[in-house]
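First the structure, in the form of structure tokens, and then the observations on it.
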Amino acid sequence: MSEAPIRVIAADPARIDPVALEQLRGTATLDGIERVVGLPDLHAGRGIAVGAAFWSPDRLFPHLVGSDIGCGMALWETDLPVRKFRPDKAERSLHGLDTPWEGAGEDSEGGAALGTIGGGNHFAEFQRIERIVDDARFNALGFRADRLWLMVHSGSRGLGQAVLDHWRARGCEGGLAATGADGIAYLADHDRAAGWAVLNREIIARRFCAKLGLAGECRLDILHNSVTPHRGGWLHRKGAAPADRGLVVIPGSRGDFSYLVEPLADHADDALHSLAHGAGRRWSRSDAHAKLSRRFKASDLERTALGGRVICEDRRLIFEEAPEAYKDIHDVVGALVGAGLVRVIALLRPLLSYKTRRT
DNA sequence: ATGTTC
């Protein structure tokens, strides 16, 4: 079987991570994979590159979706005029969000984790609309620029992990025939985990709003780890946002802006109808910790260059997830714009980023 | 990424 073509969309092709590129090559040689795309946030993952999409005509590859099935971004508009947002007060109010949600049934699947953010790069962040680039479109959507917004990044926690573990134990790395019994069973597991992840983000958003006494409405929820039917085959996205499900928000880092973008259709197929899902890591977790813990105290990182505040009572994580550990979001979105894949609608400024609090 | 974590 010949190697599938690989297309990488990058801000600066000379600076594509060679390790990530080698990982893309590894996936391009899989029997049954016919197209591979790297997005501008491409970076090395644990075996599989993150920021990538993979198309197969007839096979499902659970390990190309990974363990955090259904992980994605939700963006909510609250009813609070942003001028009334008090970060000090909010910081004092945001307690009890790492413990199980009261509404989770004890025997429901993944019940204890439902409504909690988790670790790694997951977060909830209050934001304001910094700048509207496309006024007509923003207004047509009925969005309000003067309100407090809330972004949630989380996934399927232990449930998605259990699904991948189950299929890995059965030897799924060569893929599963999509129409076979195993393929159908995996898809059912995948869809259940993805549905759980969407619900998890909704509950997280509602819990955060409730702590501040706010009402809120979900404006978008998009998955960046998934496999879906696509043009007669199967599209695997590993840290890749969909370009065929409406508006997308692309987070920068806790110290930079997030972009609200509208996917454009004309060149979408070049990128397998996929987009960057964030800025992408510039430094590995261990490098970020090593470099930054030498230069800064953890408390130095509780405020960002944009004036936002950070709640992260995990001393290792606050270094691992520092803005410096991520690529420049403006370059990443610039590459998407340059490739004709998106139009920018608006930029959002982080006001308060919540990672974790000790309980 | 992870009801993780020697």
Side-chain angles (χ1 to χ4, degrees), chain A residues 19-20 23 27 41-52 54 61-74 96-124 152-169 172-173 189-190 192-201 203-204 207 222-227 236-241 251 253-254 277-281 283-289 312-321 325-326 354-359:
Chain A
V19 177
Q23 290 180 334
T27 47
D41 57 336
L42 182 74
H43 63 277
R46 227 194 88 224
I48 307 298
V50 179
F54 314 91
F61 294 85
H63 73 296
L64 296 187
V65 177
S67 61
D68 199 1
I69 301 162
C71 186
M73 310 294 314
L97 291 159
D98 297 79
T99 47
W101 174 55
E102 300 77 5
E106 286 171 17
D107 51 354
S108 64
E109 199 170 33
L114 192 61
T116 60
I117 293 172
N121 57 2
H122 290 169
F123 62 85
V152 176
H153 177 207
S154 190
S156 55
R157 313 293 305 284
L159 177 55
Q161 176 81 67
V163 169
L164 182 62
D165 288 349
H166 169 81
W167 288 99
R168 264 197 201 282
C172 67
E173 305 227 346
D189 286 350
H190 166 283
R192 200 173 70 256
W196 192 99
V198 173
L199 176 62
N200 190 36
R201 286 189 286 276
I203 295 170
I204 291 166
R207 287 183 91 183
I222 45 155
L223 285 60
H224 50 233
N225 293 343
S226 68
V227 58
H236 307 72
R237 293 186 175 105
K238 175 66 178 169
S253 75
R254 70 192 187 208
H277 78 312
R281 277 203 163 270
W283 295 339
S284 70
R285 291 185 175 279
S286 53
D287 284 356
H289 184 268
C312 181
E313 296 180 356
D314 177 324
R315 302 193 50 90
R316 186 167 183 90
L317 191 61
I318 199 168
F319 290 110
E320 290 179 350
E321 289 292 317
Y326 284 89
Y354 185 103
K355 297 288 287 180
T356 184
R357 228 162 194 168
R358 286 190 293 273
T359 51

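Note on naming: letters A, B, ... go to the chains in the order of the sequence lines (proteins, then strands), and numbering restarts at 1 for each one.
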At a cut-off of 3.5 Å, list every protein nitrogen or oxygen paired with a nitrogen or oxygen from nucleotides 4-6 of chain B, distance to 0.1 Å.
none

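In this view, His153(A) and His122(A), Phe123(A), His224(A) satisfy the ring pair (Phe, Tyr, Trp, His ring centres under 6.0 Å) rule, not counting sequence neighbours. With sequence neighbours excluded, no residue forms a ring pair (Phe, Tyr, Trp, His ring centres under 6.0 Å) with Tyr326(A). Partners of Arg192(A) under the salt bridge (Lys or Arg N to Asp or Glu O under 4.0 Å) rule, at least two apart in sequence or in another chain, are Glu109(A), Asp189(A). The salt bridge (Lys or Arg N to Asp or Glu O under 4.0 Å) search around Lys355(A) returns Glu321(A), not counting sequence neighbours.
Contacts between residues 155-165 of chain A and DNA chain B, defined by a heavy-atom separation under 4.0 Å, are made by Arg157(A), Gly158(A), Gln161(A).
Within 6.0 Å of CZ on Arg316(A) lie more than 12 heavy atoms contributed by other residues, nucleotides or ligands.
Between Leu317(A) atom CG and dT2(B) atom C1' there is a gap of 13 Å when expressed in whole angstrom units.
Although no hydrogens or angles enter the test, the distance criterion places no donor-acceptor pair under 3.5 Å between the side chain of Glu320(A) and the main chain of His289(A). With hydrogens and angles ignored, the 3.5 Å screen pairs a side-chain donor or acceptor of Asn225(A) with a backbone N or O of Asp68(A).
Nucleic acid contact class of Arg285(A) (heavy atoms, under 4.0 Å, all strands): sugar-phosphate only.
Under the 3.5 Å distance criterion, with hydrogens and angles disregarded, no donor-acceptor pair is assigned to the side chains of Thr116(A) and Asp98(A).
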